[in-house]
Peer 1: 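I am attaching a structure below and will ask some questions about it afterwards.
Below, chains carry the letters A, B, ... as their sequence lines are ordered, and counting in each starts from 1.
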Amino acid sequence: MLNLNHPILQKLQKCHNLNTLKQVHAQMLTTGLSFQTYYLSHLLNTSSKFASTYAFTIFNHIPNPTLFLYNTLISSLTHHSDQIHLAFSLYNHILTHKTLQPNSFTFPSLFKACASHPWLQHGPPLHAHVLKFLQPPYDPFVQNSLLNFYAKYGKLCVSRYLFDQISEPDLATWNTMLAAYAQSASHVSYSTSFEDADMSLEALHLFCDMQLSQIKPNEVTLVALISACSNLGALSQGAWAHGYVLRNNLKLNRFVGTALVDMYSKCGCLNLACQLFDELSDRDTFCYNAMIGGFAVHGHGNQALELYRNMKLEDLVPDGATIVVTMFACSHGGLVEEGLEIFESMKGVHGMEPKLEHYGCLIDLLGRAGRLKEAEERLQDMPMKPNAILWRSLLGAAKLHGNLEMGEAALKHLIELEPETSGNYVLLSNMYASIGRWNDVKRVRMLMKDHGVDKLPGFSLVEINGAMHEFLTGDKAHPFSKEIYSKIGEINRRLLEYGHKPRTSEVLFDVEEEDKEDFLSYHSERLAIAFALIASSSSMPIRIIKNLRVCGDCHAITKLISAAYQRDIIVRDRNRFHHFKDGSCSCLDYW
DNA sequence: ATAGGGTTAG
């Protein structure tokens, strides 16, 4: 009989390095205690990495390991990303063993390991083993780990298929499915595409389904729900979820707290995000990253920097993501020297090796500030191969500062790397259009045709009285379409009185001057703003979420509308937020 | 007697 209170076992659990571990183990053997190495391995399971490595070594000397022992050790090894290969090698031992077969305890931790790079490819064959070795009805743990794996493997429909076959999903299974939708939507950085919106909406629907079941949501559930709201920019639903946490006495832990800070920030309510952040009791680097990121995308460079410096006071160390968001803040706030200093401090102060994304921030920082030559040099001297994001950054900077030559060169690289991304062509085309080189604009259009690329349709979401309304460029599908277009007419007349002259240079193609104006009038955010002016209370700011970046003309017009109609307008575009108020924008026209 | 699944930031 194993006595878990035995002094040696207690010592064993307190080992914090390999040497003390070896000593205690030796003690175990010499005292002649009847411990089996089995017990040692078991106790090592929850310990740190050196312990599982040690257990693995001991394991090799055990003559006839049981399946139980295999399972224990496999699970222990999968907790450390650099030991996953050992877990798989043990699994293979089981397969080649004469009398052993994997059971339902063997699979969950292996699927968990498969849910991350670079082990994704090992998932499907493992699924085949489940079918071979296990009999239905399948164990909920196995089902859930499979579900989670397929979501991470990018086969969300398989996850959903498996989910729908489960008659009574338990809490973790609901959470897995919800998180799968919420996460697959937020995959592409800050943009909201049609698909992302659909995924997030599906998460909201699924949450409703869950409430009809017998299972009560917990903190993990709410984290998924809240991040779906962040993706959608759905403030009402997000605030409702916040209320749900409070009403149901769920813990406002770091996960929930960070998700809420991110949600309020992505819904345009930076002040609410700040308030929440200040109230969080146990903040970690994740919380800080969310808050700094919030300041960054709302254009509050100095506050982002202040927070970055304050982290140290809480003994928190910046990680790679902290650097990304803080440099983004510097880049958009024109804080070039500060940004450069942070980049240099990565290696010198924090011992971090800058990765591709950090070079991306650096190029953006320099390029945006007009230091194009330096940006280009840093890009050429990078220790790794620049990706499309970096070239796009340089192209954007070249456009901003009117350096055609550099823009053309960057685009060449871009089209090589991403021949099917329409935004690249649009950037270059707009650059030509801005200086009236219509032949080149046409040439780019032909190039797009050759590559079979269509311009990505623009769309905007706006929330009116808790309901999300969606508008496409030139959309006529809204039930109040007629009223919206006549409102746009009114807006245009009113803005003319304000002395507005439409800038037509941002139109993609060479069309007649009058058509250009029309074209611009119907960009999706114009429709959304017009509708919001008709349908929402005049004391509330108008909040818009766009899938593309704001064009120069819409930006100029929205500034005027904010003054002419005395309405605050908050637009989240692909990259950041614009707060329009009294005729100016928080981005200071620097976006 | 001892083994397994779901959560946050860019």
Peer 1: Which donor-acceptor pairs under 3.5 Å do side chains of residues 245-253 of chain A form with protein atoms, sequence neighbours excluded?
Peer 2:
{"from": "A:Asn248", "atom 1": "ND2", "to": "A:Tyr244", "atom 2": "O", "distance (Å)": "2.9"}
{"from": "A:Asn253", "atom 1": "OD1", "to": "A:Phe255", "atom 2": "N", "distance (Å)": "3.1"}
{"from": "A:Asn253", "atom 1": "OD1", "to": "A:Val256", "atom 2": "N", "distance (Å)": "2.8"}

Peer 1: Can you measure A:Ile292 atom CD1 to B:dT8 atom C1' for me and round it to whole angstrom units?
Peer 2: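 Checked: the CD1 to C1' distance equals 15 Å.
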
Peer 1: What is the distance, to the nearest angstrom, from the NE2 atom on A:His298 to the P atom on B:dG10?
Peer 2: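 One finds 11 Å between P of B:dG10 and NE2 of A:His298, rounded.
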
Peer 1: In terms of relative ring orientation, are A:His298 and A:His579 parallel, tilted or perpendicular, with 30° and 60° separating the classes?
Peer 2: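 Correct class here is tilted.
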
Peer 1: Does the aromatic ring of A:Phe255 sit over the six-membered base ring of B:dT8, closer than 5.5 Å centre to centre and tilted less than 30°?
Peer 2: no

Peer 1: Quickly work out the A:Met263 CE to B:dA9 C1' distance and round it to whole Å.
Peer 2: 15 Å

Peer 1: Please enumerate all residues that pass side-chain contact (heavy atoms from CB on, under 4.5 Å) together with A:Thr221, with sequence neighbours excluded.
Peer 2: A:Leu171, A:Asn175, A:Leu178, A:Phe207, A:Met210, A:Pro217, A:Asn218

Peer 1: Looking only at the side chain of A:Asn289 (C-beta and beyond, no hydrogens), which of the listed nucleotides B:dT7, B:dA3, B:dA9 gets closest?
Peer 2: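 Selected nucleotide (nearest to the side chain): B:dA9.
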
Peer 1: Scan for salt bridge (charged side-chain N to carboxylate O under 4.0 Å, His left out) pairs involving residues 60-71 of chain A, sequence neighbours excluded, and state none if there are none.
Peer 2: none

Peer 1: So which of residues 245-252 of chain A are in contact with DNA chain B, with a heavy-atom cut-off of under 4.0 Å?
Peer 2: none

Peer 1: What side-chain donor-acceptor pairs closer than 3.5 Å can you find for residues 148-157 of chain A, not counting sequence neighbours?
Peer 2:
{"from": "A:Asn148", "atom 1": "OD1", "to": "A:Lys152", "atom 2": "NZ", "distance (Å)": "3.1"}
{"from": "A:Tyr150", "atom 1": "OH", "to": "A:His127", "atom 2": "ND1", "distance (Å)": "2.7"}

Peer 1: Counting only side-chain heavy atoms from C-beta out, which of B:dT8, B:dG5, B:dA9 sits nearest to A:Pro108?
Peer 2: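 Of B:dT8, B:dG5, B:dA9, B:dG5 is nearest to the side chain of A:Pro108.
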
Peer 1: State plainly whether the residues A:Lys546 and A:Asp573 are in salt-bridge range, i.e. N to O under 4.0 Å.
Peer 2: no

Peer 1: My understanding is that only residues two or more places apart in sequence, or in another chain, count here; which of them pass side-chain contact (heavy atoms from CB on, under 4.5 Å) with A:Leu335?
Peer 2: A:Asn302, A:Leu305, A:Cys330, A:Glu338

Peer 1: For A:Glu357, report the nucleic acid contact type (base, sugar-phosphate, nothing); a contact means any heavy atom under 4.0 Å.
Peer 2: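 Base: the residue A:Glu357, judged by heavy atoms under 4.0 Å, touches a nucleobase.
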
Peer 1: What's the closest nucleotide to the side chain of A:Thr258 if the choices are B:dT7, B:dA9, B:dG4?
Peer 2: B:dA9

Peer 1: If you take any heavy atom closer than 4.0 Å to DNA chain B, which residues from residues 147-169 of chain A end up in contact?
Peer 2: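 Result for residues 147-169 of chain A: A:Asn148, A:Lys152, sorted by number.
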
Peer 1: With sequence neighbours excluded, give me every salt bridge (charged side-chain N to carboxylate O under 4.0 Å, His left out) pair touching residues 354-364 of chain A.
Peer 2: A:Asp364-A:Arg368

Peer 1: Give one of base, sugar-phosphate or nothing for A:Thr173, where a contact means two heavy atoms less than 4.0 Å apart.
Peer 2: base

Peer 1: In this structure, is the centre-to-centre distance between the rings of A:Tyr91 and A:His129 below 6.0 Å?
Peer 2: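 When the ring centroids of A:His129 and A:Tyr91 are compared, they turn out to be within the sub-6.0 Å range.
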
Peer 1: Tell me which residues in residues 202-214 of chain A lie within less than 4.0 Å of DNA chain B, going by non-hydrogen atoms.
Peer 2: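 Nothing qualifies; none.
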
Peer 1: Output yes when at least one side-chain N/O atom of A:Lys266 is less than 4.0 Å from OP1 or OP2 of B:dG10, else no.
Peer 2: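 For B:dG10, OP1 or OP2 has a side-chain N or O of A:Lys266 closer than 4.0 Å.
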
Peer 1: Could you tell me whether A:Asn253 contacts a base, only the sugar-phosphate backbone, or nothing, with contacts defined as non-hydrogen atoms closer than 4.0 Å?
Peer 2: nothing

Peer 1: Taking the side chain of A:Val324 as heavy atoms from C-beta outward, which of B:dT8, B:dG5, B:dG10 is closest to it?
Peer 2: B:dG10

Peer 1: Between B:dG5, B:dA9, B:dA3, spot the one nearest the side chain of A:Ser227, thanks.
Peer 2: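 Ranking B:dG5, B:dA9, B:dA3 by closest atom to the A:Ser227 side chain puts B:dA9 first.
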
Peer 1: Can you tell me which nucleotide in B:dA3, B:dG5, B:dT8 comes closest to the side chain of A:Asn144?
Peer 2: B:dG5

Peer 1: When only distance counts, do a donor and an acceptor, one from the side chain of A:Asp139 and one from the base of B:dG4, lie under 3.5 Å apart?
Peer 2: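 Result: at least one qualifying N/O pair found.
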
Peer 1: Just to be sure I understand the rule, does A:Leu222 reach a base, reach only the sugar-phosphate, or reach nothing, if contact means heavy atoms closer than 4.0 Å?
Peer 2: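 Nothing, no heavy atom under 4.0 Å.
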
Peer 1: What's A:Thr322 touching, base or sugar-phosphate or nothing? Going by heavy atoms closer than 4.0 Å.
Peer 2: nothing

Peer 1: What is the nucleic acid contact for A:Thr176, judged by heavy atoms within less than 4.0 Å: base, sugar-phosphate only, or nothing?
Peer 2: sugar-phosphate

Peer 1: Hey, can you pull the donor-acceptor pairs under 3.5 Å for the side chains in residues 134-144 of chain A, sequence neighbours left out?
Peer 2:
{"from": "A:Asp139", "atom 1": "OD1", "to": "A:Phe141", "atom 2": "N", "distance (Å)": "2.8"}
{"from": "A:Asp139", "atom 1": "OD1", "to": "A:Val142", "atom 2": "N", "distance (Å)": "3.3"}
{"from": "A:Asn144", "atom 1": "OD1", "to": "A:Thr176", "atom 2": "OG1", "distance (Å)": "2.7"}
{"from": "A:Asn144", "atom 1": "ND2", "to": "A:Thr176", "atom 2": "OG1", "distance (Å)": "3.2"}

Peer 1: Check this for me, if you would: do A:Lys312 and A:Glu306 make a salt bridge, where the nitrogen-to-carboxylate-oxygen distance has to be below 4.0 angstrom?
Peer 2: no

Peer 1: Listed by chain and number, what are the side-chain contact (heavy atoms from CB on, under 4.5 Å) partners of A:Ala321, not counting sequence neighbours?
Peer 2: A:Asn289, A:Asp319

Peer 1: With respect to the phosphate group of B:dT7, does any side-chain polar atom (N or O) of A:Gln183 fall under 4.0 Å of OP1 or OP2?
Peer 2: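 For B:dT7, OP1/OP2 do have a side-chain N/O of A:Gln183 under 4.0 Å.
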
Peer 1: Of all residues at least two apart in sequence or in a different chain, which pass the salt bridge (charged side-chain N to carboxylate O under 4.0 Å, His left out) check with A:Glu202?
Peer 2: A:Arg160

